[in-house]
There are 2 protein chains.
Amino acid sequence: MASPRPGPNLSKIATSLGVSVATVSNALSGKGRVSGQLVERIREHAAELGYVPSQAGRALRTGRSGVLGLVLPDIANPLFPKIAQAIEFAASAAGYGVLIADSRGDVATQTEAINRLIERGVDGMVVIPRRATRISSAACPVAVIDTPSTPGNTVAADHWQGGQAIAEHLAGLGHRRILIIGNNQESNVQNDRAGGIRSGMRPDMHSETLWIERLEQNIGSGCPLGLAEKVRQGFTAFAALSDLQALRALTELQQAGITVPADVSVTGFDDLIWSPVVTPSLTTVRMDMDRIAGIAVSALVDTIRRNSIREGMLVTAETERVAMQLIVRQSSGPANPAPKTSEMENM
Amino acid sequence: MASPRPGPNLSKIATSLGVSVATVSNALSGKGRVSGQLVERIREHAAELGYVPSQAGRALRTGRSGVLGLVLPDIANPLFPKIAQAIEFAASAAGYGVLIADSRGDVATQTEAINRLIERGVDGMVVIPRRATRISSAACPVAVIDTPSTPGNTVAADHWQGGQAIAEHLAGLGHRRILIIGNNQESNVQNDRAGGIRSGMRPDMHSETLWIERLEQNIGSGCPLGLAEKVRQGFTAFAALSDLQALRALTELQQAGITVPADVSVTGFDDLIWSPVVTPSLTTVRMDMDRIAGIAVSALVDTIRRNSIREGMLVTAETERVAMQLIVRQSSGPANPAPKTSEMENM
DNA sequence: GCGTTTTGATTAATCGTTTAATCAGGCTTA
DNA sequence: TAAGCCTGATTAAACGATTAATCAAAACGC
């Protein structure tokens, strides 16, 4: 009862033109030895018949599926749309399809998701690892997008440099006491960003770091971060390690009656979808996801093309780190030596 | 130079056990006539050899790829992570893989993206259409997730009922003047939500609708929505048609010195990632994406299994609309008869 | 003009799976 | 006991593409 795939196949074209299938295949792929005119005649006829090569037939013969897997263990990541879009675009340009695999944020099922992809015969995988998990090399080439400081990383944004850009921006605005707000201390990405901020500060500057997840473990999920208190302690800038945390900080400050950027400044990372539309719009740092995806995919494709034997390996690229770009918007401004709540403190 | 796919295949198992490939295939699929003990022996041996069936071989023979396509023309949609996750989960449970296609928000290239999927031999597609675009039936079964009021829709959240839930919630809190904030008037989803809100209002209530995109076309992208003025006009509740617009409203109000929910209430839609963590956390309406995806995928898979002939058609499901769930958080509260800015007006 | 290379095409095998058709026995039944 | 049926397996033919091997004829060199 197998549905006979609609549309023409090689042999239909071949018999229709009175040549052999091999010739048709060669003419279309440009590989064998076929005379110029015949090539043209075949191509023309194939086009007008609307010939679409069967991926299945090709895959079976060549052992290549023409499909890449995309593994995002932390799919709730708000960056996901951008990442998926960029990877799909790069893969598509290289003639590959993209199969997604999700492990519902569960690190334990990450392996399971990867196996699903392997079973589907992907030729390679792009993995954006969750937190500090290491990718045990699978049965196919793997490109890892994490941070330049992670061993085995293929390509990533230069989170460290992004952090430095934030620090320099805030320093230039006169801020001297900066509160870094991160989510999880075990994230390579967040650690690099925090490290970059600290390293970009001037000698007379001071920073503290607030890890939300640790705080929530003690106080409870969705608890206030106590930023008004921090303002009273003299912090004039809040550098979040993601726009999500920046948003959380911004709204908490606003609710406490603290005005951004007049009283204090808030910055984020990633230029997520809401960054331009909140009031005040968020100063943030954007990563060039298109470039990163392009590098990862082409490194992957190169490895696939090179290796006739299908083996697991972490691929490498020439460019390992891609610069991040500072986007200055309204949420950062000159440091205010005497913010509002300080006055309130004096009342 | 085709890489000889690693791992065992049917014939390896067959020769190793001294039986024919057909018997092995039958034993593993449970289809033909094989004695119980032999079935067990074969299964056991296959498992210990770590046999993984070749999708390519199977696809070639059956004409089925075991892959579904997911088309999200509006990939910037912040719901994308949830949707992709839910579809992938449902598809995976049904034994299907998910191939993504993106048209970079461009309606014109939507057809191109769909064609890429067809060329890759997907057995069916799930399409979340952008705005009011209609899906011309492709060369395979298509499930559409939009709104129940859209012709050709397979399954969707009951946006209308979600809107009613919001309206009733606000009515119960004493709000009588509601500003509905949407992005685009041509979106079926947003229209249904707005309609639901209006239909859920009590006779003594009044609403106006603000379409952001139209406003921005006149004033410019990222412009203020002028909500403080609306507060002065007596609106006490701002019902956004998406959490993104709710966030925009919330921060603009906060920046204007209006306190939420003490002065006015703000509600959203979709329960996006930031909704629980902003201050005040957002009252919103959540759609059961898992259920919607499950219905869409199983309708699709049923159609695929039924139709031996591969033809294009919009699939239908028994359940067409899935109820939305109101999530009450901090951003909505009792109506304040004399909000702050009214007082300011008197000064 | 004869041996040799080049050109342009064909033949046939192969990838791994599914499945219709076939077949050899053992069992039933009249 | 012979004809027929069920059971448990095998055989072989696809599916559609790629590609190594082959081959005939033409072009070429000396």
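Labels below follow one simple rule: chain letters A, B, ... track the order of the sequence lines, proteins then strands, and each chain is numbered from 1.
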B/Arg58 side chain near C/dT18 phosphate (N/O to OP1/OP2, under 4.0 Å): yes
Filtered N/O pairs between nucleotides 8-10 of chain D and protein, under 3.5 Å:
{"unit_1": "D/dG8", "atom_1": "N7", "unit_2": "B/Arg33", "atom_2": "NE", "d": "3.1"}
{"unit_1": "D/dG8", "atom_1": "O6", "unit_2": "B/Arg33", "atom_2": "NH2", "d": "2.9"}
{"unit_1": "D/dA9", "atom_1": "OP1", "unit_2": "B/Ser35", "atom_2": "OG", "d": "3.2"}
{"unit_1": "D/dA9", "atom_1": "OP2", "unit_2": "B/Ser35", "atom_2": "N", "d": "2.3"}
{"unit_1": "D/dA9", "atom_1": "OP2", "unit_2": "B/Ser35", "atom_2": "OG", "d": "2.9"}
{"unit_1": "D/dT10", "atom_1": "OP1", "unit_2": "B/Ser20", "atom_2": "N", "d": "3.3"}
{"unit_1": "D/dT10", "atom_1": "OP2", "unit_2": "B/Ser20", "atom_2": "N", "d": "3.1"}
{"unit_1": "D/dT10", "atom_1": "OP2", "unit_2": "B/Ser20", "atom_2": "OG", "d": "2.7"}
{"unit_1": "D/dT10", "atom_1": "OP2", "unit_2": "B/Thr23", "atom_2": "OG1", "d": "2.2"}

Atom-pair distance (CG on A/Leu28; C1' on D/dT18), nearest Å: 12 Å
Residue from B/Asp158, B/Asp290, B/Ile292 passing side chain to side chain contact (heavy atoms under 4.5 Å, CB included) with B/Val322: B/Ile292
Identified side chain to side chain contact (heavy atoms under 4.5 Å, CB included) partner of B/Ile87 from the options B/Ile100, B/Leu68, B/Val98: B/Val98
Protein-nucleotide distance (A/Asn9, atom CG; D/dA14, atom P), rounded to Å: 14 Å
Main-chain N/O of A/Asp146 paired with A/Asn153 side-chain donor or acceptor, under 3.5 Å: yes
Verdict with supporting geometry, B/His45 and B/Ser16, side-chain contact (heavy atoms from CB on, under 4.5 Å): CA-CA 9 Å; B/His45 195 235; B/Ser16 155; 2.6 Å; yes
Distance in angstrom units between A/Ile42 CD1 and C/dG8 P, rounded: 13 Å
A/Arg61 CZ - C/dT14 P separation (whole Å): 10 Å
B/Thr319 side chain to B/Arg321 backbone, donor-acceptor under 3.5 Å: no
Any donor-acceptor pair under 3.5 Å from B/Thr23 side chain to B/Val19 backbone: no
Between P of C/dT17 and CD of A/Gln55, the distance in whole Å: 19 Å
Pairwise distance CE(A/Met125) to CG(A/Leu117) - rounded to 0.5 angstrom: 6.0 Å
Nearest-neighbour nucleotide for the B/Ser25 side chain, D/dA17, C/dG16, C/dT19 considered: C/dT19
Rounded (10°) bend between the five-pair end axes of the helix from C/dG1-D/dC30 to C/dA30-D/dT1: 50°
Over 12 non-hydrogen atoms of neighbours within 6.0 angstrom of CZ in B/Arg43: yes
Under-4.0 Å side-chain N/O to phosphate OP1/OP2 contact, B/Lys31 with C/dT19: yes
Rounded distance in Å - CG (B/Leu60) to P (D/dA17): 9 Å
Protein-nucleotide distance (B/Arg64, atom CZ; D/dA14, atom P), rounded to Å: 20 Å
Separation of D/dC15 P from A/Leu10 CG (nearest whole Å): 13 Å
Shortest non-hydrogen contact between A/Arg305 and A/Ala94, atoms and distance: NH2-O, 4.0 Å
